[in-house]
Amino acid sequence: MKKNIIAGFAAILFLTSCNKDEKILNSLNDYNTSMETKGYHFGDKLELPKDVAENAENVTISFGDKETSNLTIDPKFFTLGDNAVTFNIKTKGGETLNQDATINVFAKNPEKKISYQIIAEYPHDPKNFVQGFQVEGNTIYESDGQNGSSQILKYTLGTTTPLASTKQAQEDFSEGSTIVGDKVYQLTWQSKKGYIYDKNSLKLLSSFAYPNVLGEGWGLTYDGKNLIASDGSKLLYFLDPNNPTKLVKYIAVAGSSQAYDQLNELEFHNGFIYANVWQKPIILKINPENGEVVGTFDFTDIAKQNTKGSDDVLNGIAFKGKNMLVTGKNWSKIYEVAVK
């Protein structure tokens, strides 16, 4: 009888412990779910629910190969945008509980809606599947994609006749490109390599491999010191132009109420990175120091006039003096807009 009573007490204690653990995890899940949309800013402190705080001996957060007991949103640990983390709770009862969650970190200041006025239109070859787009003087340098028809070319703004061009191999799908001094750098989508050309003749000079962290090649620009590449994620990667295989640093991109991924064609101008979001008629103005989106352009009206399917989307940004040139994949026009 005595053994049965002891066993009964043990069962009750076990059930009580299980119920308490379940309550802790449920409270934490409700809190994290409520905060996903609201998000955090750098410097904010996680206010854990009472059920968690009162019953936890220790709480840590792990993110990738990092772990911290500091429950403040620290830029040394978190990035802008979504952070897939795991909460690790050691209870006062000696149990270890784990729960996955997403912590969204947003920019503190709202993005400004930047207005513009169309001041000129130029012809563009609708056969060109634009992936990279730059202007120097009155010359357009363009990288065009699709397997079997990928190329790098240049032509005079206002015409569509190439001054020079170089085609890629059948297996290459050309992506972003940028001018660095007397050379043009070009990415490929999934070939895990880029090309370097002579700017005047577009003769191929050499190729380079991507750093392993760069999943695919999407957009490319140059800030006067580093190449800046996108791979379709929320991240922008800074590469050494003398050795593009070397990663210098990376930043994540987010606005004040949402994270941005699918970052595609890039342009650097007057201290800011400009990026279009793939399959959306918007261009972001990004602070390169911290990844915060400080402004957005809405090109919905222009895109509607040129987009008939899912592929012929806005995908070209260049600056001609103070004005911006925009175009897209298989568009028949290039638009010059004055930024207000």
Side-chain angles (χ1 to χ4, degrees), residues 121-136 139-180 183-210 214-221 227 229-232 244 262-267 275-281 302-303 305-318 325-335:
E121 296 179 9
Y122 307 94
H124 180 259
D125 191 336
K127 296 192 298 294
N128 291 356
F129 196 75
V130 181
Q131 301 289 72
F133 188 72
Q134 301 83 44
V135 62
E136 189 175 81
T139 303
I140 297 289
Y141 292 79
E142 190 171 294
S143 174
D144 296 323
Q146 302 286 31
N147 294 110
S149 58
S150 286
Q151 62 177 334
I152 188 84
L153 72 156
K154 67 178 186 178
Y155 54 90
T156 301
L157 182 64
T159 75
T160 59
T161 304
L163 299 170
S165 65
T166 298
K167 293 191 176 298
Q168 271 75 62
Q170 174 74 30
E171 66 271 15
D172 286 336
F173 192 118
S174 294
E175 283 282 350
S177 59
T178 193
I179 298 169
V180 180
K183 298 179 178 64
V184 178
Y185 287 64
Q186 180 192 43
L187 301 180
T188 57
W189 181 28
Q190 295 179 323
S191 297
K192 295 293 287 185
K193 63 181 176 181
Y195 294 112
I196 302 175
Y197 304 88
D198 175 77
K199 186 177 70 175
N200 293 321
S201 65
L202 294 186
K203 178 183 177 181
L204 179 62
L205 300 176
S206 61
S207 63
F208 58 90
Y210 298 160
L214 195 65
E216 297 178 341
W218 283 46
L220 188 68
T221 190
L227 297 170
S230 64
D231 65 352
Q262 304 286 289
L263 301 176
N264 202 0
E265 218 271 315
L266 305 175
E267 181 73 11
N276 83 291
V277 180
W278 185 53
Q279 291 193 326
K280 291 186 178 180
I302 289 177
Q305 297 174 39
N306 295 276
T307 303
K308 299 176 177 62
S310 59
D311 291 332
D312 53 347
V313 293
L314 173 73
N315 202 71
I317 312 166
L325 299 179
V326 295
T327 190
K329 303 175 189 289
N330 301 130
W331 285 18
S332 62
K333 291 182 180 180
I334 297 170
Y335 297 86

Task: Distance-minimising heavy-atom pair for Ile152 and Leu202 - done: O-CD1, 3.8 Å

TODO: Return the minimal non-hydrogen interatomic distance between Leu314 and Asn276, and the atom names on each side.
DONE: O-ND2, 3.1 Å

Open item on the list: Just verifying a value: how many Å separate Asp144 CG and Asp125 CG, rounded to the nearest 0.5 Å?
Closed with: 8.0 Å

Task: Where at least one partner belongs to residues 152-167, residue pairs that pass side chain to side chain donor-acceptor pair (under 3.5 Å), sequence neighbours excluded - done: Glu142-Tyr155

- [ ] Can you measure from NZ (Lys203) to OH (Tyr197) and round to the nearest 0.5 angstrom?
- [x] 13.5 Å

- [ ] Compare all side-chain heavy atoms of Phe129 with those of Asp312 and state whether any distance is below 4.5 angstrom.
- [x] no

Open item on the list: Please identify which of these residues, Val180, Leu187, Leu266, meets the side chain to side chain contact (heavy atoms under 4.5 Å, CB included) condition with Leu220.
Closed with: Leu187

Open item on the list: How close do Gly219 and Ser230 get, counting heavy atoms only, and between which atoms?
Closed with: N-OG, 2.8 Å

Open item on the list: Side chains of Gln186 and Ser143 only: does a donor on one sit below 3.5 Å from an acceptor on the other?
Closed with: yes

Open item on the list: If you count every heavy atom of other residues, nucleotides or ligands that lies below 6.0 Å from Lys199 atom NZ, does the total exceed 12?
Closed with: yes

Open item on the list: Under 3.5 Å, is there a donor on one side chain and an acceptor on the other for Gln168 and Ser174?
Closed with: yes

Task: Gap between atom CD of Glu121 and atom CG of Leu325 - 0.5 Å precision - done: 12.0 Å

TODO: Compute whether any side-chain donor of one residue and acceptor of the other, for Tyr195 and Asp172, lie under 3.5 angstrom apart.
DONE: yes

Task: Least distance between heavy atoms, Ser150 atom then Gly145 atom - done: OG-C, 3.4 Å

Task: Exam field: side chain Asn306 to backbone Ile302, donor-acceptor pair closer than 3.5 Å - done: yes

Open item on the list: Quick check: do Thr178 and Leu227 have side-chain heavy atoms less than 4.5 Å from each other?
Closed with: yes

TODO: Give, for atom CZ of Phe133 and atom OG1 of Thr327, the distance between the pair rounded to the nearest 0.5 Å.
DONE: 5.5 Å

TODO: Could you pull out the closest heavy-atom pair between Gly309 and Thr307, with the gap in Å?
DONE: O-CG2, 3.3 Å

Open item on the list: Can you confirm whether Gln262 sits close enough to Val277 that some side-chain heavy atom of one is under 4.5 Å from a side-chain heavy atom of the other?
Closed with: yes

- [ ] Check Lys193 against Thr188 and note the closest heavy-atom contact, atom names and distance.
- [x] O-OG1, 2.5 Å

TODO: Verify, without hydrogens or angle tests, whether Asn147 (side chain) and Glu171 (backbone) share a donor-acceptor contact under 3.5 angstrom.
DONE: yes

TODO: Calculate, to the nearest 0.5 Å, the distance between atoms CD and NZ belonging to Gln146 and Lys329 respectively.
DONE: 8.0 Å

Task: Gln134 side chain to Ser177 side chain, donor-acceptor N/O pair below 3.5 angstrom - done: yes

Open item on the list: Does any part of the side chain of Tyr141, heavy atoms only, come nearer than 4.5 Å to the side chain of Glu136, both counted from C-beta?
Closed with: yes

Task: Trp331 and Gln305, any side-chain heavy atoms less than 4.5 Å apart - done: no

Open item on the list: In terms of relative ring orientation, are Phe208 and Tyr185 parallel, tilted or perpendicular, with 30° and 60° separating the classes?
Closed with: tilted

Open item on the list: Tell me whether Glu216 is salt-bridged to Lys192, with the criterion being a basic N under 4.0 Å from an acidic carboxylate O.
Closed with: no

Open item on the list: So, taking the atom named CG in Asn264 and the one named CD in Glu175, what distance separates them when rounded to the nearest 0.5 Å?
Closed with: 6.5 Å

Task: Heavy-atom side-chain contact between Lys183 and Asp198 under 4.5 Å - done: no

- [ ] Taking the side chain as every heavy atom from C-beta outward, state whether Trp189 and Trp218 have any atom pair closer than 4.5 Å.
- [x] yes

TODO: Determine whether Ile196 and Val184 make a side-chain contact, defined as any pair of heavy atoms from C-beta on separated by less than 4.5 Å.
DONE: no

